[in-house]
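First comes the structure, then the notes that go with it.
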Amino acid sequence: MNQFFNQKRFALLVLKHWADNKKRYILSLLAYVGLLITWFLFGLIIEGIPNKNGLPDEIQYTTLYFSLFAIGTFYASQYFSDLGSRERGSHYLLVPASAFEKFLCSLFFTVILLPLLITAAFYMVDVLMVTISNSLLANSTEGKSTVVNVFGLDFIRFNSDQAIKLFLFFFSIESLFLLGSVYFRKYNFIKTIITGFVIFFLCFLFVY
């Protein structure tokens with residue numbers, strides 16, 4: 001059997017990680033959906049309906065990308081947190097899979113599955129909120145909302161492929177926090193933020 005990568009062994013590793021964490025993932029996703037509904041309803045009640053603005057595209061864009069960066073970075077910073085504990089770290093290292101397979105598993109959950117789930121949950125709530133907004137403003141000629149294309153990013157007008165570059169930036173930030181979950185034993189998220197700012201500041205000084 002290939003000790004570097006085996007497709008069946010990798011599939012079992014992914015299934016094991018899902019079985020160990022599925023309750024936490026499902027509850028977190030439900031909590032995210034609840035927060036989205038609360039946030040959009042708050043915006044409609046406070047500003048959208050009284051001012052007949054509906055649900056502006058800028059709010060929809062900002063909500064999704066803030067969710068991606070906030071939830072994605074926090075989750076990535078916690079992925080390898082078991083290595084900070086001797087008992088849990090030993091259990092993780094003894095899982096019969098290669099280091100490369102464990103690395104691919106982390107990328108699958110943090111870089112592929114998590115953004116897909118966040119985007120799917122966002123669209124599910126967004127469609128519902130846009131429908132509610134339009135029904136409440138049915139007698140008004142203003143404030144009609146539309147479901148945004150999050151890959152368009154029309155509100156950031158600096159080039160034609162801005163969405164791709166923003167997603168690449170998101171993946172680079174994810175990788176930084178994923179690395180931080182390995183290097184820092186405690187307070188992974190906070191320490192990675194501080195380290196990231198220091199690195200960014202040094203790069204800024206070096207370039208400019």
Side-chain angles (χ1 to χ4, degrees), residues 1-36 64-126 150-151 161 163-196 198-200 203:
M1 180 179 291
N2 191 342
Q3 298 301 317
F4 182 71
F5 178 79
N6 180 270
Q7 185 175 357
K8 182 178 180 180
R9 190 171 57 202
F10 173 70
L12 291 174
L13 178 64
V14 171
L15 291 175
K16 179 184 183 305
H17 181 83
W18 171 254
D20 293 341
N21 299 276
K22 62 180 179 180
K23 182 180 291 187
R24 179 162 62 98
Y25 291 162
I26 293 173
L27 291 177
S28 299
L29 192 62
L30 291 176
Y32 173 64
V33 170
L35 287 174
L36 275 181
L64 174 64
Y65 283 98
F66 177 80
S67 302
L68 279 176
F69 279 92
I71 299 175
T73 53
F74 180 78
Y75 172 64
S77 69
Q78 302 299 311
Y79 188 88
F80 289 113
S81 60
D82 287 349
L83 297 176
S85 169
R86 178 173 299 180
E87 180 179 353
R88 289 179 300 170
S90 300
H91 174 74
Y92 179 80
L93 293 174
L94 289 175
V95 173
S98 67
F100 180 70
E101 290 165 347
K102 294 177 181 178
F103 173 69
L104 286 183
C105 183
S106 68
L107 290 183
F108 173 76
F109 279 96
T110 59
V111 177
I112 299 176
L113 186 61
L114 181 66
L116 288 177
L117 290 177
I118 292 177
T119 305
F122 168 80
Y123 267 117
M124 180 181 67
V125 175
D126 192 49
V150 296
F151 301 100
D161 57 347
I164 301 298
K165 290 189 175 182
L166 189 57
F167 273 103
L168 291 177
F169 178 69
F170 166 73
F171 295 146
S172 64
I173 295 297
E174 281 280 275
S175 64
L176 175 64
F177 280 84
L178 196 61
L179 184 63
S181 69
V182 177
Y183 273 95
F184 301 119
R185 297 185 61 182
K186 295 182 178 180
Y187 310 111
N188 314 70
F189 185 67
I190 299 175
K191 290 181 179 179
T192 306
I193 290 178
I194 296 173
T195 304
V198 170
I199 294 174
F200 173 78
C203 291

Q: Just do the side chain to side chain contact (heavy atoms under 4.5 Å, CB included) check on Phe80 and Leu179 with the steps written out, would you?
A: CA-CA 9 Å; Phe80 289 113; Leu179 184 63; over 6 Å; no
Donor-acceptor contacts, no H, no angles, side chain residues 66-74, under 3.5 Å, sequence neighbours left out:
{"from": "Ser67", "atom 1": "OG", "to": "Tyr32", "atom 2": "OH", "distance (Å)": "3.1"}
{"from": "Ser67", "atom 1": "OG", "to": "Thr63", "atom 2": "O", "distance (Å)": "2.7"}
{"from": "Thr73", "atom 1": "OG1", "to": "Phe69", "atom 2": "O", "distance (Å)": "2.4"}
{"from": "Thr73", "atom 1": "OG1", "to": "Ala70", "atom 2": "O", "distance (Å)": "3.2"}

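Atom CG in Asp126 sits 9.0 Å away from atom CG in Leu64 (nearest 0.5 Å). Expressed to the nearest 0.5 Å, how far CG of Leu104 lies from CG of Leu13 amounts to 9.5 Å. For the atom pair CG of Asp20 and OH of Tyr25, the computed distance is 9.0 Å after rounding to the nearest 0.5 Å. A distance of 11.0 Å separates CD of Gln7 from CG of Leu12, quoted to the nearest 0.5 Å. With rounding to the nearest 0.5 angstrom, the CG atom of Leu107 is 12.5 Å from the CG atom of Leu114. Atoms NZ and CG, on Lys22 and Leu29 in that order, are 15.0 Å from each other to the nearest 0.5 Å.
Here the closest non-hydrogen pair linking Lys102 and Val95 is NZ-O, 3.5 Å. The heavy-atom pair separating Leu36 from Ala121 by the smallest distance is CD1-O, 4.1 Å. Taking each heavy atom of Trp18 and Phe109 in turn, the nearest pair found is N-CZ, 4.2 Å.
Side-chain atoms of Asn21 come within 3.5 Å of backbone N or O of His17 as a donor-acceptor pair. Between the side chain of Thr119 and the backbone N or O of Leu116, no donor-acceptor pair lies under 3.5 Å.
Under the 30°/60° scheme for interplanar angles, the aromatic rings of Tyr79 and Tyr75 are found to stand perpendicular.
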